[in-house]
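So you know, we letter chains A, B, ... as the sequences are listed, proteins then strands, and number each from 1.
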Amino acid sequence: MPEILEVETARRVLEARALNREIARVHAPDTWFMKRGTTAPALRHALVGNAFTAARRRGKQIVLDTENPDVRVGVHLGMSGRVLVDDEEAGDPLVYASNRRMVKWHRFGVHFADGGDFMLRDPRRLGAVELDPDESRLGPDAMTLTFAQLDHAIAKRTAPIKAVLMDQHRIAGLGNLLVDEVLWRAGIAPGRVAFTIDPAERKVLHKAIRTTLRTLDRRGGSHTGDMPRALEVPCPRDGAPLRRDKVAGRTTYWCPVHQH
DNA sequence: CGAACTGTTTAAAC
DNA sequence: CGTTTAAACAGTTC
């Protein structure tokens, strides 16, 4: 369940249900899943007897603070990761996130002293857990992005606008589905060289990012956009056939008639 | 059966 | 330095 809206849903569940509960045991069976030198013994040492005190988010990265100010845990959901607290699923999955319950897909988690637990289920294993994540690697959060921040991210970039918007180092949180929806709403072609987007268009783009995130969040997730991700369905705005191209290495749907 | 999929990281090439 | 491309991860879906 990637995309920032689903990550925010997971964060809210962690905030509501996983804080201030003493951690009794750590489940970290998967070496591949632990990134940047993080190991199971290190996680145990950092977390057993400790408790989460805050669940924050920057882009798609969830950061759990603990009672020990030196211990923070970064949790990433990848493409198919899902948060479960006390065996209940947090938030709706996107299409390719499996609903099956397989214990072997629990790549990381903690058992609380009260008997409950928080588990990260990730069939495809593309998520991650790490101690003390470097939050400075990420750009400003997409959900609170200001015009000045967007303007700065775009400045001087010769890459396609879609690549810039998806670069987590420049803006944190926008993924493939959301960027296509945003650009479709803003009327900007995904392959457009970023710095050629003029100030008026940047205003429109900024508004589209904010509106899209707010609207799709209210509707229930990143898959509730207005632009069909299919070639058989014409553009709802002007009836033109949509195009499917590869932009920034990702499959991209867009309308060649109203996106320039 | 084959291809594609919401993500990130790393490497290599230009 | 910036940008692009490919590979890797593993399961589901069309």
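- Picking from C/dT3, B/dG7, C/dG11 the nucleotide with the shortest atom distance to the side chain of A/Pro123 gives C/dG11.
- Side chain of A/Gln259 to backbone of A/Leu183: a donor-acceptor contact under 3.5 angstrom is found.
- Between the NE2 atom of A/His223 and the C1' atom of B/dC5 there is a distance of 15 Å, rounded to whole Å.
- Distance from the side chain of A/Thr158 is smallest to C/dT3 among B/dC5, C/dC9, C/dT3.
- B/dA3 sits 13 Å from C/dA7 when the P atoms are compared, rounded to a whole Å.
- Computed from coordinates, the A/His169 NE2 to B/dT10 C1' distance equals 16 Å when rounded to whole Å.
- To the nearest angstrom, P of C/dT4 lies 11 Å from CZ of A/Arg157.
- The shortest distance between side-chain heavy atoms of A/Leu242 and A/Val233 does not fall below 4.5 Å.
- Listed candidates were B/dG7, C/dT3, C/dT12. Nearest to the side chain of A/Arg170 is C/dT3.
- Without hydrogens or angle criteria, A/Glu6 side chain to A/Ser222 main chain gives a donor-acceptor distance under 3.5 Å.
- Spacing between atom CG of A/Asp30 and atom P of C/dA8 amounts to 18 Å, rounded to whole angstrom units.
- Rounded to a whole Å, the CZ atom of A/Phe195 is 15 Å from the P atom of C/dG2.
- The listed nucleotides are C/dT4, C/dC9, B/dT8; the one nearest the side chain of A/Ala163 is C/dT4.
- Nearest nucleotide to the A/Thr251 side chain, out of B/dG7, B/dC5, C/dT4: B/dC5.
- Among C/dT4, C/dT12, B/dG7, the nucleotide with an atom closest to any side-chain atom of A/Trp105 is C/dT12.
- Protein atom CD1 of A/Ile154 is 17 Å distant from nucleotide atom C1' of C/dG2, rounded to whole Å.
- The side chain of A/Lys60 places an N or O atom within less than 4.0 Å of a non-bridging phosphate oxygen (OP1 or OP2) of B/dT8.
- Contact annotation: A/Gln168 reaches the phosphate of B/dT8 (side-chain N/O to OP1 or OP2, under 4.0 Å).
- Taking atom P on both C/dC1 and B/dT8, the two are 22 Å apart, rounded to the nearest angstrom.
- At the heavy-atom level, A/Arg244 lies nowhere under 4.0 Å from the strands shown.
- A/Arg36 comes within contact range of the sugar-phosphate backbone alone, with a heavy-atom separation under 4.0 Å but no base atom that close.
- Put simply, CZ on A/Phe33 is 15 Å from C1' on C/dA8, counting in whole angstrom units.
- Across all strands, A/Gly249 comes closer than 4.0 Å to no nucleic acid atom at all (heavy-atom distances).
- Nearest to the side-chain atoms of A/Arg125 among the listed nucleotides C/dC9, C/dT3, B/dT9 stands C/dC9.
- Between the P atom of B/dA4 and the CG atom of A/Leu177 lies a distance of 16 Å, rounded to the nearest Å.
- Closest to the side chain of A/Leu126, out of B/dT10, B/dG7, C/dG11, is B/dG7.
- In this structure, of C/dT3, B/dT8, C/dC9, it is B/dT8 that holds the atom nearest to the side chain of A/His76.
- Within the 4.5 Å cutoff, the side chain of A/Leu77 has no heavy atoms near those of the A/Arg82 side chain.
- The main-chain N or O of A/Thr211 is found under 3.5 Å from a side-chain atom of A/Thr215 such that the two form a donor-acceptor pair.
- Checked against C/dT4, B/dT8, B/dC5, the side chain of A/Pro160 finds its nearest nucleotide in C/dT4.
- A salt bridge (charged side-chain N to carboxylate O under 4.0 Å, His left out) with A/Glu135 is found for exactly one of A/Arg57, A/Arg72, A/Arg58, namely A/Arg72.
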